[in-house]
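Convention: sequence-line order gives letters A, B, ...; per-chain numbering from 1.
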Amino acid sequence: MEIELAGKTHQVSEGATGFDLFEDRSVIALLVNGEQKDLAYALQQGDSVEGISIDSDAGLSILRHSTAHLLAQAVQELFDEAKLGIGPPIQDGFYYDFDVPEPFNPEDLKRLEKRMKELVGKSQKFVRVEVSDDEAKKRLAHEPYKLELIGLKSADVGEGSVEVGAGGLSIYENVNPDGSVAWFDLCRGPHVPNSRMIGKGFALTRVAAAYWRGNENNKQLQRIYGTAWPTVEAKEAYLERLQEAQRRDHRKLGAELDLFSFPDEIGSGLAVFHPKGGVIRRVMEDYSRQRHEEAGYEFVYSPHITKSNLFETSGHLQWYSEGMFPALKLDAELDADGKVKKQGQDYYLKPMNCPFHILIFKSRSRSYRELPLRMFEFGSVYRYEKSGVLHGLTRVRGMTQDDAHLFVTPEQLESELTSVLNFVLDLLRDYGLDDFYLELSTKEEGNPKFVGDDAIWTSATATLEKVAKASGLELVPDPGGAAFYGPKISVQARDAIGRTWQMSTIQLDFNLPDRFDLEYVASDGERHRPIMIHRALFGSIERFFGVLTEHYAGHFPPWLAPVQVVGIPVADDFAEYLEDLMAELKASGVRGFVDRSDSRMQKKIRDHTLDRVPFLLLAGERDAGAKTVSFRYRSGEQVNDVGLEEAKKIILDAISERRQV
RNA sequence: GCCGACUUGGCGCAAUUGGUAGCGCACCGCUCUUGUAAAGCGGGGGUUACGGGUUCGAGUCCCGUAGUCGGCUCCA
């Protein structure tokens, strides 16, 4: 019988399987005619076959999925009341959901992990069994969630389900070497051939609740998360990456470096910035202001609260009221009977700045000659985020957006979008992020929530796509991800350890100009409706602050560092020498001081290094005599005998060029 | 908002089966002061998140509230 193996014709005997094709033990599954199959798959005449290696993306997913099965087996062995939910592979690992009477605790995870290791040693085969719907229902009669999935099939479960597919159903049995079936699960597969392949490169990482089928109206199941890798070393490396992320956590660094805090007395999700965080934030903002001014933005200011009618007109109160703080009820007066004597007013904290900027636009009639009109504001907004979603500076209830609204004519749209996108990317690079991709969020066809007529959507989406492509960056489509009022481009940035963060969004709006009846007079003397572009560059200052903190692991580049230079005299006699130098640096705007505390020099080096000060300048007798200093950097690197003029130049240049050191 | 875990001086942590809070760093004072990541000695500081309860006795057990953390859902 003839098949095609990795593109080449290959002869195999009748009844041959994947096991006969690959001696390489790292091949754990097959890709047959584009479909993933078990190694045990019986080859058919004419099949086009490739091996799936355990360290490929597909192979890792299979490994993780098989590990999830092993977990489920262990859970049902140790907790006989546990009912199975779903258990797919995910980024770096897997999870499995269970309905159990008592939530799992960390001790349970240890027991389960131990049991899984035993099961690995038992050399269980993963064996695929094709079943009819009826057979599946019979065998899974005690698994209510699986029965529900069988009823739904994949059409409603969605793509990517690992339990049921479009075709027939299959069950995977974990078979002991003696042929007895230890456990089984409804599953599409494929799986690794044998539990031995799972090895020791896995760990259970955490337990959490998750709604059945992701719907908060459904019951919450207990979800166990794990990670799985081909080798113990790869697992260790992964856990090390997690630890590195923990070390960089802006919430931790924020406290350690005295940057900001969230006092309980103020309330959840409401931050205060301490002096050192304040320096960073002010420098970030100042530079942003400068660049916006150069790019033709005009600066506006608006209050934090407004009467309700503004958000009625904008639609916020109809659409997003649950995300807004409740109204402040003012001025109402009641008589003795409780009847309204004087009608009150509701005021709201603003969740967005756009309606205010729109009112500025509307404050007088506008000519096409004024467009594009670019209004910029560091606008503080308040959103009543659910308590469970708050997260350090990246998800807060009070934040400041570097918000801009651009009012343009349809003809200006493309060139304005192009320059906005370039402006955004250029500015992000100055803050030290330089690895981007773009996401284009578009309308979902047929969904009535999207406002505005199709023709505008189509042309605007095409324009956004054209602009995005012209940037040369990778463009990821996000169908259905648009806001109801218009499509958007979002800029995703990868940080120093490869995590991606959604940064800027550039959003078109066909809705608010309508609702507020915005107009400008064109050259033909007629009134036309402008298009609005919403654009936040940092997203919010707070969030960007958090991202930068993690990106730099607190090692802010000198231009942003709260303290840029600390002078450390080798002995107190040389403090004055450093004070003279420091005075000159300060005169040039450098932030620094000479540490004259009575700690020993080594201690000072340690303290200020831990404090992430970019330049430590040391001087003793040798330096004072030769008019030099010694540089010590955060990395531990030292450069000795640097002349004073040269030293000043090194520091001032690094700051003005916004270079990292 | 939901589920779970957690909450002890500014920070990081200790405190047998319930027996009446301790350490390091930081802080304050004194002594010492020469070359690249922690000098020595002494001192002050906690109603154990808050409110109830059980008990002769609660940091330890129970209930409630708040906050934090991990997820889920959400993120205009």
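- At the heavy-atom level, Arg600(A) lies under 4.0 Å from base atoms of the strands shown.
- For rG10(B) and rU54(B), the P atoms lie 31 Å apart once the distance is rounded to whole Å.
- rC6(B) and rC63(B) have their P atoms separated by 13 Å, with the value rounded to a whole Å.
- Within 4.0 Å (heavy atoms only), Ala209(A) reaches at least one base atom of the nucleic acid.
- Between Val639(A) and Gly267(A), it is Val639(A) whose nearest contact on RNA chain B lies nearer the 5' terminus.
- Here rU36(B) is the nucleotide among rU36(B), rG1(B), rA76(B) with the atom lying nearest to any side-chain atom of Ile605(A).
- Using a 4.0 Å heavy-atom cutoff across all strands shown, Arg206(A) reaches sugar-phosphate atoms only and no base atom.
- Partners of Asp264(A) by salt bridge (charged side-chain N to carboxylate O under 4.0 Å, His left out), not counting sequence neighbours: none found.
- Contacts between residues 246-264 of chain A and RNA chain B, counted as heavy-atom distances below 4.0 Å, involve Arg251(A), Asp264(A).
- Contact of Arg606(A) with rA38(B) (side chain to base): a donor-acceptor pair of N or O atoms is detected under 3.5 Å.
- Between Ser387(A) and rG1(B) there is a side-chain polar atom (N or O) within less than 4.0 angstrom of OP1 or OP2.
- Here Pro569(A) lies out of heavy-atom contact (under 4.0 Å) with every strand.
- Across all strands shown, nothing is found opposite rU34(B) as a Watson-Crick or G-U wobble partner with both distances under 3.5 Å.
- If Asp623(A) and Pro103(A) are placed on RNA chain B by their nearest nucleotide, the residue sitting closer to the 5' end is Pro103(A).
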